Amino acid sequence: MIETQRSIHEVLTNIEKVIIGKHEVTTLSLAALLAKGHVLLEDVPGVGKTMLVRALAKSLDCSFNRIQFTPDLLPSDVTGVSIYHPHTQQFEYRKGPIVGDIVLADEINRTSPKTQSALLEAMEESSVTVDGETVMINQPFFVMATQNPIEYEGTYPLPEAQLDRFLIKLEMGYPTEDEELKMLSLTGGLHPIEALTAVIDKRNVVAMQEDVNRVYIDPLVQQYIIKLVRQTRQHDAVQLGVSPRGAIGLMRVAKAYAYIQNRDYVIPDDVVYLAPYVLAHRLILTHEAKYAKMTGAQVIQTVLNQIDVPARKDFN
Amino acid sequence: MEGNRRMQQGEAFLSFLLYVGGLLLALEWLSPLHDLTDSEPFSLFVIYAILCFGLTYLQLSSLLSFFIKMMGLLFIIDRAFLPRPAFGSEWFQQIQWEGRVNINALFNQNWHQLTDLFQTFLLLILIALMSYLLYFWLITMKRVFVYIVLTIVFITVMDTFTTFQADLAIIRLLMVSLFMLVIGNYLKRVKQQGLTFEVGLWFEKVVVPLFVIVAIAVFVGYYAPKSEPVWPDPVPFLTTTAERLTTNDQNRQVGYSEDDAQLGGSFEQDDTPVFRANTPVEHYWRIESLDTYTGHSWERSTELSYQSFQDDALDLIYNQQDQMLQNATIDYLDGANFDRLVYPQGLSQVNQTEALSLQFDHETGIIEPTNANDSLHSEPIELSFRDPDLTVDQLRRANGPTPADITSLYLQLPDDLPDRVRELAEEIVSEESTRYDQAVAIEQYFNQGDFTYQTQNIPVPEDDQDYVDQFLFETQAGYCDNFSTSMVVMLRSVGIPARWVKGFTSGEQIEDLSTADQEMYQYEVTNGNAHSWVEVYFLEIGWVPFEPTIGFSGNEVVYEDSEEEGDQSDSSLDEEEIEQEDQEEEESLAEEQEQEQQEEQEETAAETEQATSQFNIWPWFIGLVGLSLIIAAIRWKWLLKKAILWRWSHFKEPKDLQKAYHQLLKLLALFRVKRAANQTLHDFAQDVDQLFGITSMSKLTNSYARLLYRDDHSLDDDQALVQYYQNVVETILS
């Protein structure tokens with residue numbers, strides 16, 4: 001545990017050499033990775049989304065693929081194609097960019113729903129099926145999809161049902177003035193990402209994922225999660241609340257987050273902290289709420305305020 | 001550095017002066033006491049106040065200071081009130097008696113019954129508390145003004161409403177107040193603005209002008225012409241207004257009147273002296289009895305049939321001839337607006353002169369001058385009486401058929417008397433078999449705490465209401481008429497002949513005229529001493545007085561230690577005369593003691609209790625509880641801390657930790673640091689730590705969270721946990 005703790009710390013510092021001042025986003029991304037989930041990153045271009053993923057891949061000694069989504073991208077451009085091989089006289093599967101360890105799916109809302117669903121299916125199943133042949137994608141498998149919030153022109157917004165496939169949704173946000181200044185001073189010469197070296201190897205990442213699975217979560221905290229999730233379904237501003245998949249997701253990230261915090265059990269604080277990231281994008285708000293400029297995160301916050309944190313239990 | 005030190009010294013000196021000013025004002029608070037009461041230990045109060053203020057100023061350890069103050073307090077109480085030698089048996093008896101009387105008074109809310117000792121005790125505690133309060137007010141907070149205003153208000157109120165003259169006090173007050181205000185204001189500014197001062201400069205700029213201003217203010221204030229008050233003296237003004245307002249309220253003047261056509265209503269106190277009496281024994285003064293109760297008044301059913309008064313003609317209590325004759329003198333004063341003789345229960349002879357012959361009515365006991373032209377007022381009247389001596393045994397044995405002439409008159413009740421009066425009376429006497437015990441049971445019924453003695457706001461019964469019924473079941477508050485009438489009615493309703501007696505209580509002893517071989521005391525009886533009580537008929541004994549009114553005593557004709565006396569008197573018949581004399585001496589000694597006790601009790605108007613030799617633990621218990629409450633009020637934080645720390649000296653089981661943790665949350669809530677139900681424990685713990693500048697709460701919470709959310713029941717680092725816990729508790733309660 002102490003060993004892995006040091007590794008995690010090193011990974012985070014390593015990434016922060018490249019991404020200045022985004023500790024929270026870095027940690028949450030790592031948590032999603034360790035929870036075998038995927039991240040949707042919504043932000044303006046140029047805030048370092050790509051750098052984050054590349055740094056993560058490099059630090060973890062993982063392969064890095066990037067898919068730039070465009071309107072004319074085909075599903076097979078994502079999943080790969082079977083090509084007839086004249087020598088063997090057989091169809092041979094050529095891996096698509098999705099088959100990799102860490103994949104950056106850039107601007108996924110620019111591509112057609114068909115291609116989107118190919119990506120999302122691969123994410124959910126950890127496998128791709130081409131011409132009836134299923135190819136498993138090994139762990140670690142981590143997709144970080146980004147979408148651009150501004151340029152809605154010519155985009156295909158992700159349907160809510162698809163959004164549910166992302167374990168967490170993050171926003172990078174602009175760096176602070178100091179951070180930006182520091183960024184400038186670091187620029188010039190070799191890009192820091194080139195100097196980055198792996199901190200742990202891939203096998204360790206898989207082992208860590210297994211460890212995360214074993215993190216203890218008490219029925220008390222589980223009940224707390226369920227209460228939160230169910231409460232979202234009662235909320236006035238919500239048309240469709242969080243699905244059971246959301247509850248499972250919240251539990252998994254909470255475990256991973258606890259693991260990163262060097263704790264072998266989940267506490268309500270983890271849940272409270274993670275709930276907006278895990279649950280907000282899974283809500284479908286009513287039209288009234290949307291007109292009132294209410295956001296999913298606000299709804300989750302009110303739900304958190306409504307539910308009592310478990311603070312005692314029966315000992316027998 | 002040097003300047004800083006000097007400044008601190010200067011500040012300390014000024015604070016000291018301020019506190020001395022506070023002491024002087026505190027003494028002004030005490031000064032009306034000197035004028036208004038005859039409390040002898042006034043100088044002791046002053047010394048005690050100085051002691052308390054001095055101790056508080058020295059800021060000794062609170063325990064030591066408390067101890068010294070308590071010792072001083074006890075010393076004063078002992079010197080002023082308790083018999084010598086200290087810690088002797090009498091001393092303890094006195095303390096026990098004081099405790100009993102005061103606790104009774106406290107519980108019955110009869111504040112006027114509190115004894116001097118207890119009042120002094122409270123006053124001294126107040127002085128001690130005041131020294132604390134003023135230290136905080138003046139030295140810590142540097143707030144002077146409110147205290148000065150309060151003092152001025154107090155002094156002026158005392159001046160206006162009491163006989164206390166505050167002329168000089170106001171001048172002293174003005175001087176001290178001005179000094180204090182200047183010093184207080186200066187110190188506050190030093191504190192707020194960080195002023196520095198040079199000693200020399202300060203002298204020029206502050207001290208000299210201060211003295212000049214104070215001197216001018218006093219001079220001008222004292223010598224400047226003052227106009228007459230614009231408003232009338234509020235006291236007479238208020239009383240007359242009050243009178244005007246209440247005249248419709250059927251207020252009556254207290255005092256003896258021949259008319260009892262209406263019972264009920266409030267009455268006003270009136271201290272006009274009626275007569276002076278010299279008598280060796282304290283007793284009530286009887287005037288007449290009445291036999292018929294109408295539901296609203298007492299009336300006489302028989303015509304007065306006068307006969308001339310002979311020695312022993314009025315035998316209220318029979319067969320007392322072997323009792324010693326005692327002499328008394330009555331001197332009627334101008335305040336007496338009636339011409340009837342007041343006499344002791346055992347009246348034997350009246351010295352009738354040529355100028356005065358007397359006639360009397362046997363049924364009522366009214367004794368009047370035979371000639372309408374004669375007056376009892378013209379010269380002092382000498383009479384002799386036998387102090388009745390009845391034993392309980394005698395009275396208990398007196399259970400025979402009552403003669404018809406008694407029953408025909410003294411069992412009368414109005415037809416419309418509500419049944420519940422009779423039912424109550426029957427219930428009260430149901431346990432008792434003899435007439436005497438039944439009468440005592442009814443007499444004691446009023447002492448059980450439901451009834452209060454008061455003279456104001458007593459309603460007059462409506463036409464369809466019965467006076468006794470109203471008192472027993474509705475108001476339960478009243479004065480002697482209520483109590484005595486109710487007792488008579490209840491006695492009659494259970495078949496015991498009784499009558500209603502009017503007269504005066506023994507009054508106030510104003511002089512001790514005792515000589516070596518004869519006891520004699522002079523009493524002054526005022527209208528305020530007018531009283532009514534009860535006489536119960538006992539076969540072959542006669543009319544025995546009872547006193548149902550709570551808070552009154554002093555008319556005993558029955559003595560509890562009956563067996564001893566009975567035995568003695570039996571044997572003494574056969575023994576030689578010397579022994580008889582011995583016995584008489586003994587009896588008079590016993591009487592003397594009884595008298596002394598009665599005097600004390602009369603002073604405090606406390607109810608007489610059956611003298612029990614048993615050590616009564618209740619007063620002590622209640623005192624102890626009271627004391628603990630006081631301590632708890634002062635040191636509750638400390639006590640709470642000790643209690644919590646004692647309770648959680650270790651955590652044996654997970655349950656313990658949970659309980660302790662939630663107690664801590666409650667404790668924090670008490671200090672308005674409350675965890676919202678939706679706040680996580682760690683989050684809250686961080687708030688707490690930040691608030692108090694500690695880290696223990698988070699550490700403790702980590703352990704509890706491990707137990708709660710990890711289900712980890714091992715409390716292996718118990719000691720560290722306890723340490724964190726204690727740390728938090730101590731921080732909160734420090």
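Source: prediction; values computed, not measured. All values below come from the heavy atoms of this structure, side chains included, with hydrogens, waters and symmetry mates left out. Residue numbering restarts at 1 for every chain, and letters A, B, ... go by the order of the sequence lines.
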*Asks:* In terms of heavy-atom pairs under 4.5 Å, which option from B/Leu681, B/Asp711, B/Asp683 contacts chain A the most?
*Replies:* B/Asp711
*Asks:* Between A/Val271, A/Val221, A/Ile267, which residue shows the highest count of heavy-atom pairs closer than 4.5 Å to chain B?
*Replies:* A/Ile267
*Asks:* Can you see which heavy atom on B/Lys69 is nearest to which on B/Ala128, and at what distance?
*Replies:* CD-CB, 4.3 Å
*Asks:* Is there a donor in the side chain of A/Gln261 and an acceptor in the side chain of A/Asp270, or the other way round, less than 3.5 Å apart?
*Replies:* no
*Asks:* Non-hydrogen atoms of chain A under 4.5 Å away: do they reach the side chain of B/Arg675, the backbone, both or neither?
*Replies:* side chain
*Asks:* Under 4.5 Å from any heavy atom of chain A, what part of B/Tyr661 do you find: side chain, backbone, both or neither?
*Replies:* neither
*Asks:* Let me know if A/Pro310 has heavy atoms under 4.5 Å from chain B in its side chain, its backbone, both or neither.
*Replies:* both
*Asks:* Working to the nearest 0.5 Å, report the span between OH of B/Tyr724 and CD1 of B/Ile694.
*Replies:* 12.0 Å
*Asks:* Relative to chain A, which segment of B/Asp656 carries a heavy atom at a distance below 4.5 Å: side chain, backbone, both, or neither?
*Replies:* neither
*Asks:* Closest approach of B/Asn727 and B/Ser696, non-hydrogen atoms and distance?
*Replies:* ND2-OG, 2.7 Å
*Asks:* Would you say A/Asn204 and A/Ser7 are linked by a side-chain donor-acceptor pair, where the criterion is simply a distance under 3.5 Å?
*Replies:* no
